[in-house]
Colleague: 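Structure provided below as C-alpha cells; questions to follow.
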Protein chains: 2
Amino acid sequence: MTTDTLSLTLSALADPTRRAMLVRLREGQATVGQLAEPFDLSMPAISKHLKVLERAGLIERSVKAQTRPCTLRPEPLREAADWIDRYRDLWEGRLDRLDAYLQEIQAEPANETQSRTPKGDSE
Amino acid sequence: MTTDTLSLTLSALADPTRRAMLVRLREGQATVGQLAEPFDLSMPAISKHLKVLERAGLIERSVKAQTRPCTLRPEPLREAADWIDRYRDLWEGRLDRLDAYLQEIQAEPANETQSRTPKGDSE
DNA sequence: TCATTGTTTTACCAAATAGCAAAATAACCT
DNA sequence: AGGTTATTTTGCTATTTGGTAAAACAATGA
C-alpha cells in the first residue's frame, strides 16, 4: 500500500536507530560495521535498517573489499522537507488576517461543547 | 519502542491518507465526516487514522453537538522540519570545500570494488 | 586452500498496524 | 421516549515490522 516515495521516506525516518545512522552519515561514508557500533543490535537487525534506508533512497551502498560503505543521499530528504514546509507559515504564526478570519468562520460562531443557536426557535 | 515524539510524528506522516487529511485541515477545522468524504474507507478506518494523528499531536479534537471537529496543530511539524533541515545544506549542494574534502578522505584514496593499497607491501 | 573478517540471507517469532462489519455511544430533534 | 446523525469501540483478519540465532557468502591474507 505504502508505495509512494514520500511515505517510504517518512517511514524510514520514523525510527531513532535509522535517524542516528543518517546523523552519522552526515560526517561521510561509513561501513555497516561502523554504523552498527553505537547500537546494541545484532548485525542482521542493522542490515535490515540499512535496507529500509536504501529502499527509501536515503543511502547508497558500494562495495569495497569486504566492506559495503554507505553514503547519504539527501534527495528524499528534500522531498520530505518540501512537503512539511507548506505548513511552515502555520507554525511560524504567520497567518495573515484573511487566513485567520477563514479559520474563524469555518469554526462557526463558537458554542463549543454545547448547542448551537436554534434556527427553528418557535417561541 | 517508538515512543519519542519525532518518531511518532514521522510515522503519522508516513501515510498518504493521513497527509491528505492534514492538507485538508490547512483550510481550517473539519469534522470526521468531512475528512472521511474523499476516501473510500470505512469510518472505523478513518477514526483510527485520526487517532494516529492525534497521538502525534498533529490534530486536536473538540466536541460540538454530535460532531468532533478536528484542528491542525503545527508544532510537531516544526520539530520534524527542524530535524530534516540539518541536511538542507547537503541537498542544496552547499558543501563547502572542507566538507567535500572530508568526504573524500573518509572514502579513502578511491579503488572502489577492488583492493585497497596494501599497508604491509614489503617491496 | 583454509581461516578470518564483514555483511547478508534464511527461517522464525512477537508485537504493531490497517482494514472490515457490526454494535455501542452521544447529542440532537421531534 | 424514539429516531436520526456523527463518531467510536469491539471483535476479528491479514500484513508489516523489528528483532533473534544460525547459516551462507564474499573478499582477503596466510
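Quick note on labels: first sequence line is chain A, next is B, and so on, each numbered from 1.
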Colleague: What pair of heavy atoms forms the shortest contact from B/Pro76 to B/Arg73, and how long is it?
Modeller: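 Reported closest heavy-atom pair: CD-O, 3.3 Å.
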
Colleague: If you check every side-chain atom of B/Arg61, which of C/dT8, C/dG19, D/dT8 has the closest atom?
Modeller: D/dT8

Colleague: Compare the minimum distances between each of D/dT20, C/dT7, D/dT8 and the side chain of B/Ser47, then state the nucleotide with the smallest one.
Modeller: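 Per side-chain heavy atoms of B/Ser47, the pick is D/dT8.
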
Colleague: Consider the side chain of A/Thr67, meaning its heavy atoms from C-beta on, and name the nucleotide among C/dT7, D/dT7, D/dT20 that approaches it most closely.
Modeller: C/dT7

Colleague: What is the distance, rounded to the nearest whole Å, between atom NZ of A/Lys48 and atom P of C/dC12?
Modeller: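 Computing the A/Lys48:NZ to C/dC12:P distance gives 13 Å.
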
Colleague: With a 3.5 Å distance limit and no angle check, can you tell me whether B/Arg19 reaches the backbone of B/Leu13 through a side-chain donor-acceptor pair?
Modeller: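 Indeed, once roles are kept as given, a pair shorter than 3.5 Å links the two residues.
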
Colleague: So, does B/Ser47 use its side chain to make a donor-acceptor pair with the main chain of B/Met43 at under 3.5 Å?
Modeller: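 No.
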
Colleague: Under the salt bridge (Lys or Arg N to Asp or Glu O under 4.0 Å) rule, collect the residues that match up with B/Arg61, sequence neighbours excluded.
Modeller: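 B/Arg61 satisfies salt bridge (Lys or Arg N to Asp or Glu O under 4.0 Å) with B/Glu54 once adjacent residues are dropped.
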
Colleague: Of the listed nucleotides (C/dG6, D/dA22, D/dT7), which one gets closest to any side-chain atom of A/Pro44?
Modeller: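 Looking only at heavy atoms from C-beta outward on A/Pro44, the closest nucleotide is D/dA22.
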
Colleague: Please report, rounded to the nearest Å, how far the P atom of C/dT8 is from the CG atom of A/Leu53.
Modeller: 12 Å

Colleague: Mind calculating the distance between CG (A/Leu8) and P (D/dT16) to the nearest angstrom?
Modeller: 13 Å

Colleague: Taking atom C1' of D/dT9 as reference, at what distance in whole Å does atom CE of B/Met43 sit?
Modeller: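 Whole-Å distance recorded here is 13 Å.
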
Colleague: For the pair made of CZ in B/Phe39 and P in D/dT7, what is the distance, rounded to whole Å?
Modeller: 15 Å

Colleague: Choose from D/dG19, D/dT7, D/dA6 the nucleotide whose nearest atom is closest to any side-chain atom of B/Gln66.
Modeller: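 Comparing D/dG19, D/dT7, D/dA6 against the side chain of B/Gln66, the answer is D/dA6.
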
Colleague: Take the protein atom NE2 of B/His49 and the nucleotide atom C1' of C/dT17, then report the distance between them rounded to whole Å.
Modeller: 10 Å

Colleague: Counting heavy atoms from C-beta on, name the nucleotide in C/dA27, D/dT20, D/dA27 closest to the side chain of A/Ala65.
Modeller: D/dA27

Colleague: Which nucleotide sits closest to the side chain of B/Val52: C/dA18, D/dT20, C/dT9?
Modeller: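 Out of C/dA18, D/dT20, C/dT9, the nucleotide with an atom closest to B/Val52's side chain is C/dA18.
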
Colleague: Rounding to a whole Å, what distance do you find between A/Ile46:CD1 and D/dT17:P?
Modeller: 18 Å

Colleague: Among C/dC20, C/dT8, C/dG19, which is the nearest nucleotide to the side chain of A/Arg68?
Modeller: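 Closest nucleotide to the A/Arg68 side chain: C/dT8.
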
Colleague: Quick one: which of C/dT9, C/dG19, D/dT20 gets closest to the side chain of B/Leu41?
Modeller: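 In terms of side-chain proximity for B/Leu41, the closest of C/dT9, C/dG19, D/dT20 is C/dG19.
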
Colleague: Rounded off to whole Å, could you give me the NZ-to-P distance for the A/Lys51 and D/dT17 pair?
Modeller: 13 Å

Colleague: Answer with base, sugar-phosphate or nothing: what part of the nucleic acid does B/Ala45 contact at a heavy-atom distance below 4.0 Å?
Modeller: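 Answer is sugar-phosphate: B/Ala45 comes under 4.0 Å of backbone atoms only.
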
Colleague: Holding to side-chain hydrogen bond (donor to acceptor under 3.5 Å, both in side chains), I want the full list of residues that pass it with A/Asp85, two or more places apart in sequence or in another chain.
Modeller: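 Per chain and number, A/Asp85 pairs via side-chain hydrogen bond (donor to acceptor under 3.5 Å, both in side chains) with A/Arg88, B/Arg88.
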
